[in-house]
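Structure, as structure tokens:
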Amino acid sequence: MWQERSAIEWLRWLAEGRVSAVELVDAAFQAIERTDSRVRAFLHLRPEQARVEARSIDERRRRGEELGLLAGLPIAVKDVLCVRGEPTTCGSRMLAEFRPPYDATVIERLRAAGAVLVGKTNLDEFAMGSSTENSAFFPTRNPWDLSRVPGGSSGGAAACLAAGQVPLSVGTDTGGSIRQPAAFCGVVGLKPTYGRVSRYGLVAYASSLDQVGPMARTAEDVALLLSVLAGHDPRDSTSAPVAAEAYHQGLDAPLGRLRIGVIREHFESGLSPSIAGAVRQALDVLAQMGAELVEVTMPHSPYAIAAYYLVAPCEASSNLARYDGMHYGLRCDESLPAGDGNEGRQDASRLVRVYRASRSQGFGLEVKRRIMLGTFALSAGYQDRYYVKALRVRRLIRADYERAFERVDVLAGPTTPSTAFRFGEKLADPLAMYLEDLFTVGANLAGVPALSLPCGFDENGLPIGLQLQAPWFREKRLLQLAHQFQQRTDWHKRRPAL
Ligand code: GLN
């Protein structure tokens, strides 16, 4: 059922009374029932609450009340966003039992818009990873080939779209976690400008890089969802005081002779030939649409991975210090042996023992690796050599973007160096996994918006993503270009045979 229509089309059906919110939610749960034992996109489902919410939307519609932009549409959300009173695990044993006492701002906005949350999707633990293999619970499988990863860390949020379970989902992107899984699963994902969407209630990984963003099967649906998510939030001090737009309106407006910069460095090292071919063809389509293609060089991009994998772990090591067995989540406390004169005694070593036991058991390997890396790079004597140097490189990367955007309106290139890989293929080699993020981390380091959309398939029938990047706060331009590309191509219409 989902396969046939986009979120925007379902909204029309809802408005015309041809389908009800309850029917749409039931269809979503039926699709999940049919496919999720194989795909495993979801960590939690909330069928009862979702039906109650859908029923209330239908009643309000019947009463003629004014409804929000997403009224009656089922949506899935990455399990790193706080939902009041409901599980928010971040894919970690540490938070397996955590139920936040409040809603993230984006959850509030989705509720106000009338979206119906069907469940929380799987991810790499604390959003660290590119395959969902780092989830403490189970890996998600790629709907196009169940022996392959869906990408990560928003792997569940991408897979649930490709599997036709829901029409919309919300992911987060610190170094590529929306765009890379979108590319691997053949869907559209947008990382907005840093500060465009509130991070209040998003469990922090690397605060200067994290951004929440929309995912869907079409650019138009991504635009619709961004219209709901975006906007200033006084509860997030890094939220931009820039007015949000109606991103889903005017997507067909003529773009004139847009100058598109083709990033030279992104075609040089390690790019699979089938991806290079598909992206070149997509660039031809953009040229036929009237764009002028210009080669652009981003001289510092070869250093982006190194800078990212210092800045992100440094911030993570600080952000994850709060999981100490005292404030949040898992607590492993070995009690003092009774008797032995211990009554009323303060055991000074006990606090440290609780920290150590809780963190040892609560975190998985990759999270521990990042904490150690970050702690080391921030320690006295090494801070200047690693962290501060990485910040300098970050500034040079940002300057590359500033220079490029003086000449061009949009940057284009591949989203990933390879298509979806097999389970276990990169697990033993963290560096190989980190190189997955070669083309995506630049946008996070610079803070610019970046979108991935389907532009072809490789020889194994796996989806390929085209990445488009724009200057700060020019999401609309990206969405217009992506939408108009999708009017001329049908890569986004293909569905996996599940
Ligand atoms: N793969 C990258 C990492 O592991 C990006 C993750 C993300 O964007 N959340 O850090």
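Heavy atoms only: backbone and side chains are in, while hydrogens, waters and symmetry mates are out. Indexing begins at 1, ligand by ligand and atom by atom, following the structure's order.
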Please state which protein non-hydrogen atom is closest to [atom] and give its distance, to 0.1 Å?
{"atom": "atom 3 (C) of ligand 1", "answer": "Y309 OH, 3.2 Å"}
{"atom": "atom 6 (C) of ligand 1", "answer": "S177 OG, 2.8 Å"}
{"atom": "atom 5 (C) of ligand 1", "answer": "Y308 OH, 3.3 Å"}

So if I count the atoms of ligand 1 from 1 in the order they appear, which ones are less than 4.0 Å from some heavy atom of [X]?
{"X": "Y205", "value": "3 (C), 9 (N), 10 (O)"}
{"X": "D173", "value": "8 (O)"}
{"X": "M128", "value": "4 (O)"}
{"X": "G175", "value": "5 (C), 7 (C), 8 (O)"}

Does the side chain of [X] come under 3.5 Å of the side chain of [Y] through a donor N or O and an acceptor N or O?
{"X": "S198", "Y": "R235", "answer": "no"}
{"X": "E265", "Y": "T297", "answer": "yes"}
{"X": "S92", "Y": "E125", "answer": "yes"}

Check each heavy atom of [X] against ligand 1 and say whether those closer than 4.0 Å belong to the side chain, the backbone, both or neither.
{"X": "K78", "value": "neither"}
{"X": "D437", "value": "side chain"}
{"X": "Y434", "value": "neither"}

Exercise. Would E86 and R46 pass as an ion pair if we require N to O under 4.0 Å?
Worked result: yes
For this session: Answer yes when D429 and K426 have at least one side-chain N-carboxylate O distance shorter than 4.0 Å, and no when they do not.
Result: no
Exercise. How are the rings of Y401 and W472 set to each other: parallel, tilted or perpendicular (split at 30° and 60°)?
Worked result: perpendicular
Exercise. Is the Y386 ring parallel, tilted or perpendicular to the F376 ring (thresholds 30°, 60°)?
Worked result: tilted
[X] N/O under 3.5 Å from ligand 1 N/O:
{"X": "A127", "value": "yes"}
{"X": "R370", "value": "yes"}
{"X": "S130", "value": "yes"}
{"X": "G129", "value": "yes"}

Exercise. Would you say E402 has more than 12 foreign heavy atoms packed within less than 6.0 Å of its CD?
Worked result: yes
Seminar exercise, completed: Closest non-hydrogen contact found for T121 with A76 is CG2-CB, 3.7 Å
